[in-house]
2 protein chains.
Amino acid sequence: MGALGELERAVMDAVWDAGAAITAYDVQASLEQAQQRTWAVTTVLTVLGRLEKKGLVSSDRSARPHHYRAVASRADHVAELMHEALGETTDRSGVFSRFVGGISAEDADMLRSLLREG
Amino acid sequence: MGALGELERAVMDAVWDAGAAITAYDVQASLEQAQQRTWAVTTVLTVLGRLEKKGLVSSDRSARPHHYRAVASRADHVAELMHEALGETTDRSGVFSRFVGGISAEDADMLRSLLREG
DNA sequence: AATTTCTTCTATAGTCTGTAGAAGCACTTC
DNA sequence: GAAGTGCTTCTACAGACTATAGAAGAAATT
């Protein structure tokens with residue numbers, strides 16, 4: 001539900017970029033590499049816990065350094081955010097028109113061909 | 001920037017629905033009609049002030065009951081949210097594919113024709 | 001059993017939102 | 001011009017959420 005905070009966002013990026021299940025330590029290392037600072041592992045664990053509560057990650061607690069994985073792909077997540085933004089808006093054509101007007105030619109091409117299929 | 005709270009959202013809806021510039025009292029009345037409760041005008045004014053700080057509304061403070069208006073249309077706002085969600089995502093086709101897969105046939109038609117033009 | 005490794009608990013400070021009273025300013029009216 | 005009336009600004013507080021991590025507890029290792 002709620003939008004992600006900055007660190008939560010960074011952690012999700014680490015999880016997504018990992019592709020597979022990773023530990024808090026992996027996330028910690030990934031964060032440190034991506035940003036220019038360090039975080040306590042407990043901080044990372046707290047955030048992972050919150051992300052799990054939000055349904056964005058799931059954990060395997062049988063393995064000893066617990067493993068975390070993204071529940072949905074980044075693409076799924078982003079697409080869902082877009083749907084959420086759209087919501088119940090009645091003026092769909094107005095929204096779509098402005099949306100389409102703001103994307104690159106490449107993006108437009110992709111959308112076009114995706115709409116052809118289906 | 002930050003996502004809107006529930007009341008902020010309701011206030012924006014009132015402003016958007018008004019179509020033109022409206023006063024805090026108008027918003028108050030609109031809110032009361034839309035929901036099943038009342039708010040102090042000061043509450044509405046505080047929220048309008050916050051929305052102004054966020055750049056979502058602008059105010060004309062020369063008129064005595066100050067007038068507020070939406071800076072962007074609802075469609076603009078929603079389209080911008082969608083762009084923001086998309087952000088720098090590299091896997092555009094993955095996102096678009098999932099996004100398109102989740103919209104109605106009517107929406108798809110609209111998008112298709114909008115993409116044909118331009 | 002001692003040590004190391006990892007997790008859970010607990011806690012604090014900061015930001016944001018909801019909520020609105022109190023106090024101030026301006027315009028009208030006696 | 002004193003007094004109301006209507007509107008705005010100031011100030012404030014409580015609740016939620018986020019960032020942050022130490023301390024303490026549990027488990028695996030030596």
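In what follows, every heavy atom counts, from backbone to side chain, and hydrogens, waters and symmetry copies are set aside. Lettering follows sequence order; numbering is per chain, from 1.
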Is any side-chain nitrogen or oxygen of [X] closer than 4.0 Å to OP1 or OP2 of [N]?
X	N	value
R61(A)	dT8(C)	yes
T43(B)	dG18(C)	no
R37(A)	dT20(D)	yes

- Message: At less than 3.5 Å, do the side-chain atoms of R50(A) and the base atoms of dA19(D) form a donor-acceptor pair?
- Response: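 Yes.
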- Look at the side chain of T46(B) against the base of dA20(C) and say whether a donor-acceptor pair falls under 3.5 Å; ignore hydrogens and angles.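 Side chain to base: pair found, below 3.5 Å.
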Length of the [atom1]-[atom2] vector between [X] and [N], whole Å:
X	N	atom1	atom2	answer
E6(B)	dG15(D)	CD	P	17 Å
Y25(A)	dT4(C)	OH	C1'	11 Å
E52(A)	dT7(C)	CD	P	12 Å
H66(A)	dC6(C)	NE2	P	11 Å
K53(B)	dC10(D)	NZ	C1'	13 Å
L7(B)	dA16(D)	CG	P	16 Å

- To the side chain of W39(B), which of dG22(D), dA20(C), dT18(D) is closest? dA20(C)
- Item | Minimum-distance nucleotide to V47(A) side chain [options: dA20(C), dA23(D), dT20(D)] |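 The listed nucleotide nearest to V47(A)'s side chain is dT20(D).
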- What is the nucleic acid contact for R9(A), judged by heavy atoms within less than 4.0 Å: base, sugar-phosphate only, or nothing? nothing
- Task: Go through E8(A) and K54(A) one step at a time and tell me if the salt bridge (Lys or Arg N to Asp or Glu O under 4.0 Å) criterion holds.
- Result: CA-CA 11 Å; E8(A) 288 177 330; K54(A) 290 185 185 180; 2.9 Å; yes
- Any side-chain heavy atom of L111(B) within less than 4.5 Å of one from I103(B)?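 Yes - at least one pair of side-chain heavy atoms lies under 4.5 Å apart.
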- Judged by nearest nucleotide, the residue sitting upstream toward the 5' end of DNA chain D, A40(A) or L45(B), is L45(B)
- Would you tell me whether T89(B) and D91(B) have side-chain atoms, one donor and one acceptor, within less than 3.5 Å of each other?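 Short answer, no.
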